[in-house]
Amino acid sequence: MFKTTRRTAARLAAAGVAAGLLAAGAMTAAGPATADDGTQPSSSGATATIDGIVPGLSDQAVVTENGSTHGEIAGLFRMNLDSGGSILTYCIDFHNGTQDHAQYHEVPWSATSLYAPGKDRAGAGKIDWILQHSFPQVSDLDALAKAAHAGPLTKKTAAAGTQVAIWRYSDGVDVKAKDPAAEQLAEYLYNTAVAVAEPAASLTLTPAAVSGKSGDRLGPVTVHTTATTARPELAASAPSGAKLVDAQGKPVTEVKDGAELYIDIPAGTPDGSTSLTVTASTTVPIGRAFTGTNDKGTPSQTQILAGSDSTDVTASATASWARKGAIPALSAQVDCAKNGVDVTASNQGDEGFTFRLEGRTYTIAPGKSQTVTVPVAEDQKYRIDITLPDKTVKTFQGVLDCRTATTPSPSAPGNQPSPATSPATTSGTTAGGGNLAETGSSSATPVIAGIAAALVVVGGGAVFFFRRKKSSGAS
């Protein structure tokens with residue numbers, strides 16, 4: 001649905017999967033790093049700016065809610081890829097609004113309301129089937145009309161019928177296409193769809209953070225991509241002598257899907273951290289989801305890819321190291337199925353890593369990890385404080401928003417954004433997420449020395465604060 005605002009609750013930090021990456025290591029002169037400036041770069045996959053409804057690729061639909069009916073526009077959006085080209089998308093977030101010029105990034109289905117509590121996840125797979133078997137992936141409209149036993153279809157009515165079928169699965173909306181042929185297409189797609197597997201990410205790295213001792217090879221970081229080849233590169237801030245290598249220690253300059261990367265840190269390197277970026281040119285698979293926010297951090301309705309174009313994509317991971325002590329990594333990931341936030345701590349050092357969370361003390365032995373789920377109420381702000389051994393506090397903060405509204409906000413305006421100026425390229429293919437992680441080092445005392453590197457966000461925003469235990473607010 002093409003509305004500018006449908007929900008007043010701001011989702012500032014985690015729509016589905018709040019994800020990012022923060023490496024903590026020996027302090028340089030830079031001082032503590034924070035991520036409360038509103039910027040939300042993607043840690044993996046494609047990024048784009050929403051343009052609007054594509055002229056000639058939408059038509060009227062009729063929605064029944066609370067005993068009354070109203071008209072809606074059903075059809076295709078265009079988004080302009082940040083690296084050039086454009087993509088076509090359908091809406092999978094009926095009751096939330098589209099923000100003008102919102103910045104979007106590719107996310108897994110688990111980062112969206114498709115995985116809301118109690119929702120049948122097969123619906124997401126059926127939406128993907130619809131995308132593969134309807135317009136614009138099926139450009140022969142006569143054949144599409146014949147399959148649907150419908151009257152003649154145009155691009156406008158084919159797009160409308162496809163969107164209507166998608167809304168029935170994504171939002172459970174009582175909606176019908178106004179055009180009889182479009183409605184027949186919607187009925188055919190809805191009743192015929194079968195669940196298919198989620199398409200692979202265009203590019204992602206797992207895990208999003210690694211740690212270990214200086215003198216070791218840190219990793220592996222596995223590359224997952226639909227591209228034929230990809231280019232890995234260490235950050236310019238990497239210490240002297242650090243290099244990217246494979247499992248045999250050979251330098252790596254080009255990788256393929258499934259490749260394992262290691263960061264070789266010379267022995268004696270002072271405690272610290274760095275980052276790794278992989279870049280590739282590929283076509284994003286049909287069925288990938290996109291979430292976005294405008295420049296004020298207001299979330300925009302979630303989209304799903306229907307027509308793709310080749311683009312450059314990037315993915316990042318961080319590495320931290322220390323000579324001794326605990327070498328922890330902390331991450332926080334919204335879990336829509338649990339309506340909470342999963343906090344995971346791992347430790348690659350030679351001493352136990354102890355922290356406090358939600359009034360309890362946890363100790364992670366060397367080489368081990370543990371995940372704790374913190375329940376959060378829907379549409380409620382959350383603030384999760386993790387107290388470290390030196391009494392400093394890491395805070396993950398945001399608003400949980402995993403569910404699709406069942407009715408629109410009565411105060412929501414009904415104005416619509418301007419249409420896009422030209423159709424998107426529809427050459428497509430028929431072919432997950434990151435963590436809000438921080439990786440740190442400590443000496444045997446123990447003391448967390450400081451913060452380095454930067455925050456990267458996927459699937460909504462994730463706000464990180466660094467503060468002293470007895471301070472009155474986040475810095």
Side-chain angles (χ1 to χ4, degrees), residues 19-26 28 30 33 35 39-48 81-85 105-106 200-212 214-266 269-284 310-321 329 432-439 451-458:
L21 189 58
L22 183 66
T28 65
T39 59
Q40 297 182 0
S42 173
S43 68
S44 63
T47 57
L81 293 161
D82 290 351
S83 61
H105 46 268
E106 179 187 348
S202 61
L203 177 64
T204 190
L205 303 178
T206 57
V210 293
S211 61
S214 54
D216 291 344
R217 290 200 293 265
L218 311 184
V221 174
T222 303
V223 178
H224 307 277
T225 182
T226 57
T228 304
T229 60
R231 304 172 299 280
E233 185 178 21
L234 274 178
S237 61
S240 177
K243 55 186 178 181
L244 283 173
V245 298
D246 61 17
Q248 287 73 45
K250 297 179 180 179
V252 176
T253 59
E254 188 175 88
V255 294
K256 297 182 179 181
D257 180 50
E260 293 185 339
L261 294 171
Y262 294 79
I263 302 175
D264 194 341
I265 302 297
T269 301
D271 298 358
S273 62
T274 191
S275 61
L276 152 70
T277 299
V278 177
T279 305
S281 295
T282 189
T283 300
V284 182
S310 180
T311 186
D312 288 341
V313 292
T314 61
S316 301
T318 61
S320 63
W321 58 89
N435 290 332
L436 179 50
E438 51 190 292
T439 310
I451 307 290
L455 183 72
V456 209
V457 177
V458 171

**Report entry** Shortest non-hydrogen contact from Tyr262 toward Ala247
**Finding:** CE1-CA, 3.6 Å

Requested in this report: Sequence neighbours left out, what passes side-chain hydrogen bond (donor to acceptor under 3.5 Å, both in side chains) with Thr311? Give chain and number order.
Outcome: Ser83

Requested in this report: Applying side-chain contact (heavy atoms from CB on, under 4.5 Å), run through Glu260 and Thr222 and close with a yes or a no.
Outcome: CA-CA 4 Å; Glu260 293 185 339; Thr222 303; 3.8 Å; yes

Query raised in the report: Do Pro232 and Leu276 come close enough that some side-chain heavy atom pair is under 4.5 Å?
Result: yes

Query raised in the report: Can you name the closest pair of heavy atoms from Arg217 and Asp246 and give their distance?
Result: NE-O, 4.0 Å

Requested in this report: Identify the heavy atoms of Thr47 and Asp82 that sit nearest to each other, and give their distance.
Outcome: OG1-OD2, 2.7 Å

**Report entry** Ala48 to Leu81 - nearest heavy-atom pair and separation
**Finding:** CB-CA, 3.9 Å

Requested in this report: Applying side-chain hydrogen bond (donor to acceptor under 3.5 Å, both in side chains), name anything that partners Asp312, two or more places apart in sequence or on another chain.
Outcome: Ser281

Report task. Output all residues satisfying side-chain contact (heavy atoms from CB on, under 4.5 Å) with Ala238, sequence neighbours left out; order by chain, then residue number. Result -> Leu234, Ala242, Thr274

Requested in this report: Please determine, by modelled atom types, if Thr226 and Thr282 share a side-chain donor-acceptor pair under 3.5 angstrom.
Outcome: yes

Requested in this report: Grab the two heavy atoms, one from Ser211 and one from Leu218, that are nearest each other, plus how far apart they are.
Outcome: C-CD2, 4.0 Å

Report summary line: Heavy atoms of Glu106 and Gly45 approach each other most closely as OE1-CA, 3.3 Å

Query raised in the report: Can you check whether Thr279 reaches Glu233 side chain to side chain, under 4.5 Å on heavy atoms?
Result: no

